[in-house]
Amino acid sequence: MAGGSRDPLVVGRVIGDVLEPFECSIPMRVTYNNRDVTNGCEFKPSLVVNQPRINIGGDDLRNFYTLIAVDPDAPSPSDPNLREYLHWLVTDIPATTGPSFGHEVVTYESPRPMMGIHRIVFVLFRQLGRETVYAPGWRQNFNTKEFAELYNLGLPVAAVYFNIQRESGSGGRRLY
């Protein structure tokens, strides 16, 4: 369905900006404070300070997955010159588990957008096997497609995204 015009990953331009069209083949559940992430939903920065709970489906513990979380709208959607900003990278996650059972290559950094509405995209790839993945030198200008090609990950097996924007009234002084 990824090619369909009603696919929220297409409508939200995740397909194109971050990923090639793909078929979702593994269930992935992303949860912040007991609230599920669904495509296009909105979260406030104060609710995503801590890394989410992620449950990965599948039925064979010999299958391993790589999880990537990126912001394709950094530093602002109108000028995303840092696209993609890497928020999290975990490899070697066994099927039926979550990131805490994998190898955290890049630690979780909570999204803190300054301007506009940003998309935070969680992408899951199936690995061909366990292998050493090197942390990129920096978080900005990460490229999910190039990373997948470098490590022979193929197309994603699952993806979900949410929208986030700066909370009104955060920061600055108030005069009463």
Side-chain angles (χ1 to χ4, degrees), residues 1-24 28-33 35-54 56 65-91 99 104-125 133-151 153-172:
M1 178 174 131
S5 61
R6 297 218 185 278
D7 184 333
L9 295 173
V10 173
V11 173
R13 295 183 335 276
V14 170
I15 302 294
D17 285 353
V18 180
L19 303 172
E20 299 295 337
F22 74 97
E23 293 294 324
C24 181
M28 177 176 68
R29 183 177 180 196
V30 180
T31 310
Y32 282 100
N33 303 314
R35 181 177 164 210
D36 285 346
V37 172
T38 56
N39 285 316
C41 70
E42 186 162 330
F43 278 85
K44 294 180 191 297
S46 59
L47 297 177
V48 298
V49 170
N50 299 315
Q51 69 187 43
R53 179 180 175 143
I54 299 183
I56 296 167
Y65 296 90
T66 294
L67 174 74
I68 296 171
V70 294
D71 177 352
D73 302 311
S76 74
S78 59
D79 183 22
N81 60 51
L82 299 180
R83 172 180 291 169
E84 302 156 27
Y85 189 88
L86 180 63
H87 281 278
W88 203 15
L89 173 58
V90 185
T91 64
E104 191 173 57
V105 178
V106 176
T107 57
Y108 177 79
E109 181 180 304
S110 62
R112 294 182 300 273
M114 291 286 113
M115 305 175 74
I117 298 171
H118 292 236
R119 297 163 293 168
I120 305 299
V121 183
F122 291 88
V123 187
L124 190 69
F125 292 95
V133 171
Y134 298 97
W138 45 84
R139 291 177 184 259
Q140 64 270 22
N141 299 119
F142 182 81
N143 187 304
T144 300
K145 293 177 200 170
E146 289 177 6
F147 178 87
E149 194 173 308
L150 177 65
Y151 289 103
L153 296 173
L155 290 173
V157 294
V160 67
Y161 82 99
F162 67 87
N163 293 318
I164 188 168
Q165 61 184 312
R166 183 177 177 173
E167 291 182 61
S168 59
S170 63

Checklist entry - With ring centroids as reference points, do F142 and F147 lie under 6.0 angstrom apart? => result yes
Checklist entry - What distance separates I117 CD1 from D73 CG, expressed to the nearest 0.5 Å? => result 9.5 Å
Checklist entry - Does R139 use its side chain to pair, donor to acceptor, with the backbone of L86 at less than 3.5 Å? => result yes
Checklist entry - With no hydrogens and no angle check, is any side-chain donor or acceptor of N39 less than 3.5 Å from a backbone partner on P8? => result no
Item to check | Polar side-chain atom of H87 near backbone of E109 as donor-acceptor pair, under 3.5 Å | outcome: yes
Item to check | Atom pair CD/CG of Q51 and L67 - distance to nearest 0.5 Å | outcome: 9.5 Å
Item to check | Side chain N163, main chain G40, donor-acceptor under 3.5 Å | outcome: yes
Item to check | Euclidean distance, Q165 CD relative to H118 NE2, rounded to 0.5 Å | outcome: 9.0 Å
Item to check | Spacing of L155 atom CG and F22 atom CZ [to the nearest 0.5 Å] | outcome: 8.5 Å
Checklist entry - Can you tell me if Q140 and E84 form a side-chain donor-acceptor pair at under 3.5 Å? => result no
Item to check | Distance in Å, N143 CG paired with K145 NZ, rounded so as to fall on 0.5 Å steps | outcome: 7.0 Å
Next on the checklist: Strictly below 4.0 Å, N to O, side chains only: are R83 and D17 in salt-bridge contact?
Outcome noted: yes
Checklist entry - When rounded to the nearest 0.5 angstrom, what is the spacing between OG1 in T38 and CZ in R35? => result 7.0 Å
Next on the checklist: Taking side-chain hydrogen bond (donor to acceptor under 3.5 Å, both in side chains) as the definition, give me every residue that meets it alongside T91, ordered by chain and number, with sequence neighbours left out.
Outcome noted: none
Next on the checklist: Tell me the closest heavy-atom pair linking F125 and G154, and the distance in Å.
Outcome noted: CE2-O, 3.4 Å
Checklist entry - Does F162 have any ring pair (Phe, Tyr, Trp, His ring centres under 6.0 Å) partners at least two apart in sequence or in another chain, and if so, which? => result Y32, F43
